There are 2 protein chains.
Amino acid sequence: MTAAAPKYDVFQAIADPTRRQLLHLLAEQELPVNVISSNFPMSRTAVSKHLHVLESAGLVTERKIGRETRYSLQAAPLRELKDWVAYYEQFWDNKLALLKHLVEAADGGTNADPSQSSMSGPLKPL
Amino acid sequence: MTAAAPKYDVFQAIADPTRRQLLHLLAEQELPVNVISSNFPMSRTAVSKHLHVLESAGLVTERKIGRETRYSLQAAPLRELKDWVAYYEQFWDNKLALLKHLVEAADGGTNADPSQSSMSGPLKPL
DNA sequence: TACATTCGAAACCTATTGGTTTCATGAAAA
DNA sequence: TTTTCATGAAACCAATAGGTTTCGAATGTA
């Protein structure tokens, strides 16, 4: 009764380059299937399948207008992706990494002296 | 001679939940294969394959220490992901979307009157 | 009404993916 | 020097992914 079981999650949905192109195309405007598929070097059916995958992940919605089905972008689920990658930002952004180390040092951790820190970061004892 | 052909890109690499867990685990510290695989309900070989996929995408690096191979996170390639998703942020963030429309309207586009705009946004003529 | 358009569903095919088990090898330890 | 440990490589397998073609059902149009 609620949302249909999301067979595909956002990570899977964007893994395919064709599907990323689809999102890019639909970002501009709502489009019917035949117009969409005319932009790709594969059959309409194949494109339609990709659209269904995106829909399953909540990234597009369809709406029927006469005999055509128009798809449009729903970007909100990409927020999950943004949040996911945000966590890892500290590992490539030096400023964030430094801040994190300071916070951890002040948090009660021993080894608060950063003088021995190397690029590989604080390595817990194995 | 340069970097090995990246058979897997970042989007594919993070599509698998096991591989995302691997990244999370390696974020903390560098770890050898057997310790890594002990955290997963599958064979060491399977985990090793996932690690190779991540390595192919540049997300981890391996280094041999004695008879063990230690893996560590390389977060930088995730920047591509961040940039990709940043583009779509305007489509779920109302403030950004409004700003974009204003910029486009001032840019020389006709139809600068937003009075007829609906939630579906400016639909170019099909 | 007859015809063309738009699309979904189904059946099918092949390559890839994600997993397994087995075996060989190099390093550490007894 | 045996033996044990950590690992990679190879062969294999089942399920899935990504594509195709064919067919039928609605909808719009002549």
Side-chain angles (χ1 to χ4, degrees), chain A residues 4-26 29-72 123 125-126, chain B residues 4-26 29-72 123 125-126:
Chain A
K7 185 179 176 186
Y8 290 89
D9 62 28
V10 177
F11 293 92
Q12 288 175 271
I14 66 158
D16 186 275
T18 298
R19 288 198 287 268
R20 290 199 297 278
Q21 287 181 49
L22 281 169
L23 292 181
H24 192 77
L25 182 63
L26 293 175
Q29 59 187 320
E30 182 184 51
L31 290 174
V33 176
N34 63 339
V35 173
I36 297 172
S37 69
S38 68
N39 287 271
F40 294 85
M42 65 185 73
S43 71
R44 171 186 57 79
T45 309
V47 171
S48 187
K49 280 190 187 178
H50 281 301
L51 287 168
H52 285 314
V53 171
L54 290 172
E55 188 180 28
S56 166
L59 288 168
V60 301
T61 52
E62 62 171 279
R63 102 185 213 255
K64 309 226 174 202
I65 306 250
R67 63 184 165 188
E68 61 185 22
T69 305
R70 295 195 187 173
Y71 282 86
S72 53
L123 184 61
L126 288 182
Chain B
K7 184 178 177 185
Y8 289 89
D9 62 28
V10 177
F11 293 92
Q12 287 176 272
I14 66 159
D16 186 275
T18 298
R19 289 197 286 269
R20 291 199 297 277
Q21 287 180 49
L22 281 169
L23 293 181
H24 192 75
L25 183 64
L26 293 175
Q29 59 186 322
E30 183 185 51
L31 289 173
V33 176
N34 63 339
V35 172
I36 297 172
S37 70
S38 69
N39 286 272
F40 294 85
M42 64 186 73
S43 71
R44 171 186 55 80
T45 310
V47 171
S48 187
K49 281 191 188 177
H50 281 302
L51 287 169
H52 285 315
V53 172
L54 290 173
E55 188 180 28
S56 166
L59 287 168
V60 300
T61 52
E62 63 171 278
R63 104 184 211 252
K64 308 227 175 201
I65 305 251
R67 62 184 166 189
E68 62 185 22
T69 306
R70 296 195 187 173
Y71 282 87
S72 54
L123 185 62
L126 290 181

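Protein chains get the first letters and strands the later ones, always in sequence-line order, with residue 1 at the start of each. When reading the values below, keep in mind they use all heavy atoms of this one structure, side chains included, and skip hydrogens, waters and symmetry mates. Fair warning: this is a prediction, and the values are worked out from it, not measured in the lab.
- In terms of phosphate contacts, B/Gln12 brings a side-chain nitrogen or oxygen within less than 4.0 Å of OP1 or OP2 of C/dT17.
- When heavy atoms are screened at a 4.0 angstrom cut-off, B/Thr69 is found touching the sugar-phosphate backbone but no base atom.
- Here the C1' atom of nucleotide D/dG8 and the NZ atom of B/Lys49 are 12 Å apart, to the nearest Å.
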Using side-chain contact (heavy atoms from CB on, under 4.5 Å), reason through B/Glu30 and B/Tyr71 one step at a time and then give a plain yes or no. CA-CA 5 Å; B/Glu30 183 185 51; B/Tyr71 282 87; over 6 Å; no

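- Atom pair A/Ile65:CD1 and C/dG8:P shows a separation of 14 Å (rounding to whole Å applied).
- For the side-chain contact (heavy atoms from CB on, under 4.5 Å) with A/Leu51, the lone residue among A/Leu26, A/Thr69, A/Leu59 that qualifies is A/Leu26.
- The shortest distance between the side-chain N/O atoms of A/Ser43 and the OP1/OP2 oxygens of D/dT20 is below 4.0 Å.
- Nucleotide C/dT17 holds its C1' atom 16 Å from the NE2 atom of B/His52, rounded to whole Å.
- Rounded to an integer number of Å, the gap from CZ of A/Arg70 to P of C/dG8 is 14 Å.
- With rounding to whole Å, B/Arg67 atom CZ is found 20 Å from C/dA24 atom P.
- B/Thr45 comes within 4.0 angstrom of a nucleotide base, judged by non-hydrogen atoms across all strands.
- Nearest nucleotide to the side chain of B/Tyr8, out of C/dT17, D/dG18, D/dG8: C/dT17.
- Atom P of nucleotide C/dT20 and atom CE of B/Met42 are separated by 7 Å, given to the nearest angstrom.
- Each of A/Thr18 and B/Arg44 was matched to the nucleotide of DNA chain D holding its nearest heavy atom; the match closer to the 5' end belongs to B/Arg44.
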Pair A/Ile65, A/Arg63 - check side-chain contact (heavy atoms from CB on, under 4.5 Å), show working. CA-CA 7 Å; A/Ile65 306 250; A/Arg63 102 185 213 255; 3.4 Å; yes

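- Put simply, CG on A/Asn34 is 5 Å from P on C/dT6, counting in whole angstrom units.
- A heavy-atom distance below 4.5 Å is found between the side chains of A/Glu55 and A/Glu62.
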Checking A/Gln12 against A/Asp9 for the side-chain contact (heavy atoms from CB on, under 4.5 Å) test, could you report, in this order, the C-alpha distance in whole Å, the side-chain angles of both residues, the deciding distance, and whether it holds? CA-CA 6 Å; A/Gln12 288 175 271; A/Asp9 62 28; 3.4 Å; yes

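- Look at A/His50 and you'll find a side-chain N or O under 4.0 angstrom from OP1 or OP2 of D/dG19.
- Between A/Glu68 atom CD and D/dT29 atom P the separation is 11 Å, expressed in whole Å.
- Distances shorter than 4.0 Å separate some side-chain N or O of B/Arg19 from OP1 or OP2 on C/dG18.
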